[in-house]
Amino acid sequence: MEKGKSLKLAALLAGALFLFIFPHFAGVFAVLLLTEILIFALFALSFNLLFGYTGLLSFGHAAFFGLGGYAMAFMVQHFHLSMLPALAISTIVAALGAAIIGFFSIRRDEIYFAMLTLGFGMMIFTLVHQWRSLTGGSDGITGFEVPVLDLLVKKLSLFSPWAYYYFSLVVCLLGAILLWRLTLSPFGLILRSMRENPERVSFVGIDIKLYRWIAFTAAGLMAGVAGALFALYDRMASPSMVHWTMSAKPVLMAILGGPRVFLGPALGALIFYLLEHFITQYTQSWMIFLGAILVPIVIFFPQGVLGTLIAWAQRLIRREGHGE
Amino acid sequence: MDTLLINILNGLCYGMLLFIISMGLTIIFGVMGVLNFAHGSFYMLGAYLCLWLAPHIHNFWLALLIAPFLVGALGALSEMALLRPLYGRDISFQLLLTFGILLILDDAVKLIWGPGYHSIEAPKALSGTVQILGSTYPVYSLFIALLGPVIATALWFFFHKTAWGKMIRAAAMDREMASAIGINVPLLFTAVFFFGTLLAGMAGVLAAPLRAIGPAMGDNIIIAAFIVVVVGGLGSFLGAFIGAIILGLVEALGIQFVPQIQMALPYLLLALILLVRPRGLFGSE
Amino acid sequence: MRKAFLSLVVACTMVGFLFVPGQARAGRGKIKIGSVYIFSGFAATYGQFAKQGLLLAVDEINKSGGILGKKLEVYFEDSHAKPPIALRAIRKLVYEKHVDFLIGLDSSGVAKGVVPYLKELKVPLIITHAATPDVTGSQCNKYTFRVSVNINQNVMAAAKIAAQTKALKWTTVGPDYAFGHQSWEYFQKYLSKLNPKAKFMKTVAFPKIATEDYSPYITSIMAAKPDGVFISLWSGDLVNFVKQANKMGFFKQGYTVLMSLGAATEVLYALKDQMPTGLWVGTRYWFLANDTPVNKHFVEAYKARYGVYPSYNAQNAYAAVYALKAAIEKAGTTDKMAVIKALEGLTVEVPAGKIHIRPGDHQAVLNVTWGKTAADPKYPIRILKPMVIFKGEEVTPPVSATGCKMR
Amino acid sequence: MENDVILSVKGLSKSFGKFYALRDVSVDVKKGEITALIGPNGAGKTTFYNVITGKYRPTTGRVVFEGRDITSLPAHKVARLGLCRSFQITNIFQENTVEENILASLVAYHRKGLSLFKGLGSYRALREEAHRILEMLGLAAHAQEVAKNLAYGDKRLVEIGIALASHPKMIMLDEPTAGMTPEETERMVKMVQKLFQKTGITFLITEHDMKVVFSIAHKILVLHQGCLLAQGSPQEIRNNPRVREAYLGGSLDA
């Protein structure tokens with residue numbers, strides 16, 4: 001047990017170290033791509049708090065991604081805030097949005113929950129699309145620059161892709177660690193139990209609505225962080241951030257990677273982007289390939305890529321164990 | 001006043017198209033528990049097949065017979081090959097798989113027919129316009145608005161008077177019971193998927209003379225069809241009919257009266273209905 | 001425990017793939033052009049035409065020895081008509097493919113999202129389609145050029161035509177984003193100056209992009225009984241609209257109809273004889289508008305290679321490559337800053353005629369064609385008869401009016 | 001006298017449309033007893049459970065638990081007051097480990113559920129308590145196993161463990177031996193008796209196996225077509241002619 005724990009810690013540290021030294025070997029484009037992957041990994045992880053851990057398939061998660069992004073763009077464009085206050089405000093805006101939408105959505109289950117979140121998500125989409133004076137309509141908010149990171153003792157420019165990569169890396173790692181702690185806590189246990197059997201949970205004295213609401217708000221908050229990072233990465237907040245097709249991305253990533261393993265959705269984000277990256281090098285119709293890859297993965301990897309790999313590995317280890 | 005009437009007709013015309021699509025969606029969901037994301041793509045395929053058939057057979061009505069059949073056959077094939085391994089798994093897998101089918105169909109259509117827009121003439125008999133209270137209105141749109149109830153009646157007869165229809169209805173109400181009373185469930189599922197996608201294809205053919213045929217037409221309609229099906233009540237026949245009419249009217253009248261928020265209206269409707277009636281208008285608890 | 005370890009191993013391996021070098025930096029002695037257009041969705045024909053026009057120019061140039069002895073190499077990326085995706089594509093082109101110059105961009109929204117970022121990328125971009133005045137106005141910068149007709153020029157011409165007609169009560173149908181709204185705004189501004197009696201109605205229609213069903217919008221406009229309708233829909237949306245408007249008798253009401261992008265050949269090909277005759281249509285290039293050898297050669301070569309008459313997007317992309325060629329030859333080097341200098345104030349002859357790129361805002365001044373749709377048995381599509389050609393200087397507002405402060 | 005009664009049900013009815021699943025049922029359950037609720041399939045036993053524990057609202061009637069009116073309280077509030085239940089169909093957290101199944105219930109009881117960032121591992125007291133419960137149920141060896149991999153009988157024990165972990169004053173078991181082999185049934189009966197003796201918790205059990213009922217119950221309630229047909233000691237029920245006629249038939253003699 002103790003040995004296993006230290007092994008895990010070592011592996012995690014090695015992974016983090018890898019992410020930190022990666023830019024020293026890679027070109028600008030790889031750094032940019034990895035920044036985007038990190039941001040989407042956080043987005044997918046936040047989605048999976050609902051999907052993999054609470055059993056709620058949200059089809060409007062992009063609403064909070066977008067709220068975070070728009071709030072960030074707005075703060076930077078109009079108030080020229082520095083990074084941390086702007087990020088804090090965007091996070092709060094997304095969390096508030098999630099609290100309000102969550103209050104209604106968590107009243108329904110399964111496909112109805114999915115449809116309600118889709119509905120609310122698209123209402124937010126309409127809002128940003130139509131309120132041209134505030135949001136720039138379908139063009140979105142564009143033309144701002146990445147704010148400086150004001151650390152009181154020192155002001156850092158995040159203009160270069162490398163600087164922004166490191167900033168995103170730190171924020172995404174912190175966000176992922178918070179989410180991870182959440183899943184390991186008693187709260188996380190209750191969420192997982194609700195995923196298995198919400199009725200039973202209410203019969204041991206848990207107000208499932210309250211817990212779902214908190215999970216929904218937490219997931220929305222973290223999606224807001226990812227969205228704020230993404231708006232700066234893209235130098236724009238546009239309605240496509242809020243559209244249902246954006247909500248479909250974390251769903252895809254989570255199921256690709258494996259919703260029952262904490263880092264599964266992050267791996268899903270990685271697979272998604274690398275697939276897209278490689279396929280679009282050879283052909284413009286990458287959707288047909290994505291579909292052609294998606295279909296067998298769904299059929300043959302029922303626990304997602306990471307989940308299935310782990311199951312295989314465990315079987316292998318068990319067999320070895322029996323051999324001894 | 002006459003604007004209102006014309007817009008109501010517009011709404012009904014759109015609603016009836018939606019109804020035919022949603023009917024297929026709701027049957028598939030009711031019987032198989034599968035929310036078919038690719039349904040809009042089957043609709044699109046219907047329109048494209050009509051486009052492809054038109055120069056060969058020179059007859060819209062014949063295309064209306066053949067194209068949906070081909071779409072249904074493709075649907076049945078994909079059900080047998082792809083969807084079958086997934087029964088019993090979580091609904092999200094089926095959603096994702098049909099999303100994969102959507103991606104493939106959308107791009108395949110673009111590879112075959114190119115990315116451009118195409119158009120088809122309405123059949124001669126229906127290509128003119130009529131005067132309604134001093135406004136001109138296309139005969140073909142009127143035809144669709146009237147065809148909807150005819151198809152609805154035909155479907156009603158199918159479901160209530162024929163053995164297959166009764167079986168599908170029984171299975172939609174209680175899947176376990178259906179297998180218990182000796183219905184060949186795999187065959188039934190394939191048949192239902194065939195029939196459901198056939199309806200989507202039929203709607204596609206009917207829409208072809210009305211709207212531009214393009215690679216994006218499926219994505220635009222699928223969310224609307226989802227809304228209809230959920231608002232009406234998943235698996236409910238009457239629900240799909242009423243839901244489609246409501247959504248059609250909401251879209252058309254929204255443009256007339258509240259153009260600024262018209263885009264949000266379908267979603268507003270969806271959220272309100274679900275909060276007040278958790279299982280939709282005609283869904284069973 | 002093992003779970004975490006395994007996941008990391010998998011992740012690291014996959015990230016390692018990023019190191020696999022692409023074709024980057026492969027071609028020394030080549031001039032690399034990155035090109036971003038819409039290749040999917042409702043307006044995918046735009047990308048297709050642009051790609052064809054661009055490749056035609058590139059092949060011609062490469063066959064005759066390239067530019068300064070260097071061959072051209074083009075990389076295409078899809079913008080999906082969405083600004084973030086376009087930006088990602090451009091980053092990929094610049095950072096991964098190391099392209100020297102960028103050519104492209106449909107859609108004003110995409111252009112507005114991308115243009116501010118060029119200051120970071122430090123790569124010149126020649127816009128060939130996106131028409132928003134902002135990119136050569138409030139957003140202008142030294143890396144951004146445009147060789148195509150912008151909203152100002154197109155709509156100024158429209159207003160001049162509108163002022164000649166008897167129509168006084170005007171309304172609009174336009175796509176619900178900046179382009180549609182700006183077109184209408186400029187139309188009102190210019191027409192009210194030319195004809196103070198012109199009135200602009202409250203009932204307007206701004207359906208969202210890729211709308212399926214236009215009938216409710218058409219009904220509302222018809223109910224308002226305008227004299228003139230200014231339509232700024234484009235590509236698939238315009239095709240869709242015209243078909244449905246035909247069925248509802250929209251064009252039989254005696255309205256004066258102006259379609260700012262109605263003379264796009266892809267629209268005319270899609271509609272064929274469903275396009276009514278006698279409508280005023282504008283374009284950013286018309287293949288019959290001038291009979292210079294350059295144009296004749298282009299139209300013939302294009303028709304021979306692709307089987308259709310070139311659309312404005314094809315010409316614009318073709319023209320951009322030749323403008324770039326002229327600038328590089330003028331500069332005598334492919335150095336980006338030198339080429340930028342050479343592009344400023346450049347005059348070059350392209351199929352659309354002589355174009356002049358103003359140093360003040362980097363907008364090309366060129367002739368703008370409008371005309372009335374007419375049938376001609378020699379052509380499978382509607383052509384323009386009569387044709388009205390406005391001199392570039394007549395319809396281009398002065399640099400001082402664009403709001404451009406070149407930095 | 002009043003103090004002896006832990007659960008008091010007065011005039012309870014529940015209708016679904018025109019159909020009455022329960023009609024004017026009034027019963028008292030005494031503290032520190034095992035009470036059995038019997039009746040043929042469709043007699044309304046499960047509905048009775050569902051109405052009392054807050055899954056359904058009653059059409060009419062009152063439910064009083066420990067002197068508090070709990071009529072129409074939501075399920076989680078009823079559970080908080082110490083009235084817990086198990087289910088007829090195995091109703092556990094299948095993908096979680098056995099220990100986690102018990103811990104979830106303990107977390108709920110000790111109100112630690114809103115502790116968001118502190119790892120579960122650091123709650124030593126909770127884990128020790130979970131261990132004690134599993135030990136008592138004879139499941140300690142399976143603590144780290146995923147629940148769905150357990151044998152059927154063990155799953156039913158987990159079910160009871162979940163109920164036990166919420167420190168109930170009274171447990172309502174819904175057919176705890178349904179679908180069990182005779183050996184498993186015997187093990188379950190012994191377990192219930194053991195738990196009763198060790199903890200003194202009040203039990204209400206529905207059960208179709210009459211042998212089980214008559215061997216463990218202090219008092220028996222008989223439901224028939226939604227109505228309370230009879231109540232009394234096992235001896236009284238055995239001798240009640242109405243019960244014999246309506247429901248038990250000759251089976252008691254066999």
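As the structure is a prediction and not an experimental result, all values here were calculated from the model. Residue numbers start from 1 in every chain, and the chains themselves are labelled A, B, ... in the order their sequence lines are given, proteins ahead of strands.
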- [ ] Among I214(A), I208(A), I206(A), single out the residue with the greatest number of heavy-atom pairs under 4.5 Å to chain D.
- [x] I206(A)
Open item on the list: Need one label for L182(A): side chain, backbone, both or neither, based on atoms under 4.5 Å from any heavy atom in chain D.
Closed with: both
TODO: Grab the two heavy atoms, one from A79(D) and one from S202(A), that are nearest each other, plus how far apart they are.
DONE: CB-O, 4.2 Å
Task: Region of I92(D) in contact with chain A, defined by heavy-atom distances below 4.5 Å - done: backbone
Open item on the list: I need the contact set between residues 53-75 of chain D and chain A: heavy-atom distance under 4.5 Å, sorted by residue number.
Closed with: T53(D), K55(D), A75(D)
Task: Under 4.5 Å from any heavy atom of chain A - which part of K118(D) - done: backbone
Open item on the list: Just so I understand: if I count every heavy-atom pair under 4.5 Å between each of V201(A), T183(A), D207(A) and chain D, which residue has the most?
Closed with: D207(A)
- [ ] Drop me the distance from S185(A)'s OG to L114(D)'s CG, to the nearest 0.5 angstrom.
- [x] 9.5 Å
Task: Distance in Å, L189(A) CG paired with E99(D) CD, rounded so as to fall on 0.5 Å steps - done: 9.5 Å
- [ ] Take atom CZ of F20(A) as the centre, draw a 6.0 Å sphere, and report whether it contains more than 12 heavy atoms from other residues, nucleotides or ligands.
- [x] yes
Task: E110(A) atom CD, neighbour heavy-atom count above 12 within 6.0 Å - done: no
Open item on the list: Is any side-chain heavy atom of N96(D) closer than 4.5 Å to one of R195(A)?
Closed with: yes
Open item on the list: Measuring from atom CG of L120(D) to atom CG of L184(A), what distance do you get when rounded to the nearest 0.5 angstrom?
Closed with: 8.5 Å
Task: Inter-residue atom distance I177(A).CD1 - F117(D).CZ, 0.5 Å rounding - done: 12.0 Å
TODO: For residues F187(A) and V107(D), determine if any side-chain heavy atom of one lies less than 4.5 Å from a side-chain heavy atom of the other.
DONE: no
Task: Rounded distance [0.5 Å steps], CG in N197(A) versus CD1 in I162(D) - done: 8.0 Å
- [ ] Look at atom NZ of K194(D) and say whether more than 12 heavy atoms of other residues, nucleotides or ligands are closer to it than 6.0 Å.
- [x] yes
Task: K155(D) atom NZ, over 12 foreign heavy atoms within 6.0 Å - done: yes
Task: Under 4.5 Å from a heavy atom of chain D, the part of L191(A) involved - done: neither
- [ ] Of all the heavy-atom pairs spanning P186(A) and S115(D), show the shortest one and how long it is.
- [x] CD-O, 3.8 Å
Open item on the list: Is the terminal nitrogen or CZ of R85(D) (NZ for Lys, CZ for Arg) located under 6.0 angstrom from the six-membered ring centre of F203(A) and within 45° of that ring's axis?
Closed with: yes
Open item on the list: Can you tell me how far apart CZ (R200(A)) and CD (Q94(D)) are? Round to the nearest 0.5 Å.
Closed with: 12.0 Å
Task: Donor-acceptor contact below 3.5 Å, side chain R192(A) vs main chain E95(D) - done: no
